[in-house]
Amino acid sequence: MNIWSKMITALKGGVNEVGENVIDEHALHILDQEIRDAAEDLNHTKGALANIIASQKVAEETSATLRTKIKESEELVLIALQQKDDALALEISERIADFENIKTAQSESIKKHKEQADTLRDTINVAEIQLKKLKQQTETIKATEALQRAQQLVAKRYSSENPRLRTAIDSLQRIKEKQRHTEAELAADREIAQDSMESDLDRRLREAGITNDASAKKVLDRIKNKKR
């Protein structure tokens with residue numbers, strides 16, 4: 001029973017919710033271990049496939065050697081028959097029969113190894129696809145988990161319920177109020193200074209006999225001049 005099965009089994013007996021929480025807390029560790037176990041099993045399967053292919057090649061080489069020996073022995077039988085040596089021809093034929101029996105067994109072995117190799121190849125291909133998907137899903141889960149932890153940390157750190165942050169925000173608000181107050185004072189000082197400058201200029205103009213004050217006579221003269 002693998003780790004995951006053991007953890008699932010632990011859920012029995014009325015502790016499902018607690019058990020699920022335990023599994024969720026260690027889910028990524030369990031997935032990592034399952035991936036390592038699956039990869040190890042896959043490597044063992046690949047090793048078995050390599051052994052089967054090697055045995056198949058040995059059987060094929062043996063079968064090819066037997067074919068050569070059978071062909072050579074058949075030529076010897078013909079020579080013995082040409083020489084009227086039937087006993088020798090029969091003896092060689094018996095050896096050919098042994099070769100053919102061994103070759104038949106090798107052909108069956110080759111066929112069996114080929115079927116096993118094809119089955120293992122299919123198994124390996126499916127396992128590799130599933131393992132790749134599991135790795136991708138696990139990496140996605142890890143990335144999402146890391147992102148959510150970071151978001152939770154930021155949310156907690158900058159929450160309005162954070163007393164340190166609340167104090168900093170209050171201080172910032174007070175600084176803004178002080179700045180607005182200072183800006184208002186500076187604006188008032190500039191206005192007062194401007195009024196003072198204008199009042200001083202008017203005084204000096206009056207003392208010099210220069211004035212822009214309007215009078216009824218000046219207004220009447222201006223209007224008369226416009227009618228001409």
Quiz prompt | Evaluation steps, side-chain contact (heavy atoms from CB on, under 4.5 Å), between D122 and V126 | solution = CA-CA 6 Å; D122 292 339; V126 172; 5.5 Å; no
Exercise. Step by step, work out the side-chain contact (heavy atoms from CB on, under 4.5 Å) result for D86 and L90.
Key: CA-CA 6 Å; D86 292 343; L90 179 59; over 6 Å; no
Practice problem: Walk me through it: do Q130 and L134 pass the test side-chain contact (heavy atoms from CB on, under 4.5 Å)? | Solution: CA-CA 6 Å; Q130 292 177 341; L134 184 58; over 6 Å; no
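Annotation: the span from E145 atom CD to T138 atom OG1 amounts to 12.5 Å, rounded to 0.5 Å. To the nearest 0.5 Å, the span separating CD on E94 from CD on E91 amounts to 7.0 Å. In this structure, CD on Q148 lies 13.5 Å from CG on L153, to the nearest 0.5 angstrom.
Residue pairs satisfying the side-chain hydrogen bond (donor to acceptor under 3.5 Å, both in side chains) criterion with at least one member in residues 60-82, sequence neighbours excluded, are listed as follows: Q56-E60, S63-R67.
Under 4.0 Å is where a charged nitrogen must lie from a carboxylate oxygen, and between R180 and E177 at least one such pair does.
When each of I102, T104, D98 is paired with L66, the side chain to side chain contact (heavy atoms under 4.5 Å, CB included) condition holds for I102 and for no other.
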Cut-off 3.5 Å, no hydrogens considered: what does the side-chain donor-acceptor table look like for residues 109-120, sequence neighbours left out?
from	atom 1	to	atom 2	distance (Å)
S109	OG	H113	ND1	3.4
H113	ND1	S109	O	3.1
K114	NZ	D118	OD2	3.2
D118	OD1	R121	NH1	3.2
T119	OG1	E115	O	3.0

Which atom pairs, donor and acceptor, lie under 3.5 Å between side-chain atoms of residues 45-55 and protein residues at least two apart or in another chain?
from	atom 1	to	atom 2	distance (Å)
T45	OG1	D41	O	2.9
K46	NZ	E128	OE2	2.8
N51	ND2	G47	O	3.4
S55	OG	N51	O	3.0

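Following chains of ILVMFWY side-chain contacts shorter than 4.5 Å, one can reach L131 starting from I141, so the two form part of one hydrophobic cluster. A continuous path of ILVMFWY side-chain contacts below 4.5 Å connects I35 to L42, so both sit in one hydrophobic cluster. Linking Ile, Leu, Val, Met, Phe, Trp and Tyr whenever their side-chain heavy atoms come within less than 4.5 Å puts I96 and L81 in one cluster.
Counting heavy atoms from C-beta outward, R36 and Q33 have side chains that approach closer than 4.5 Å. The shortest distance between side-chain heavy atoms of I79 and Q83 falls below 4.5 Å.
Minimum interatomic distance between V77 and A89 (heavy atoms only, all atoms of both residues): CG2-O, 3.9 Å.
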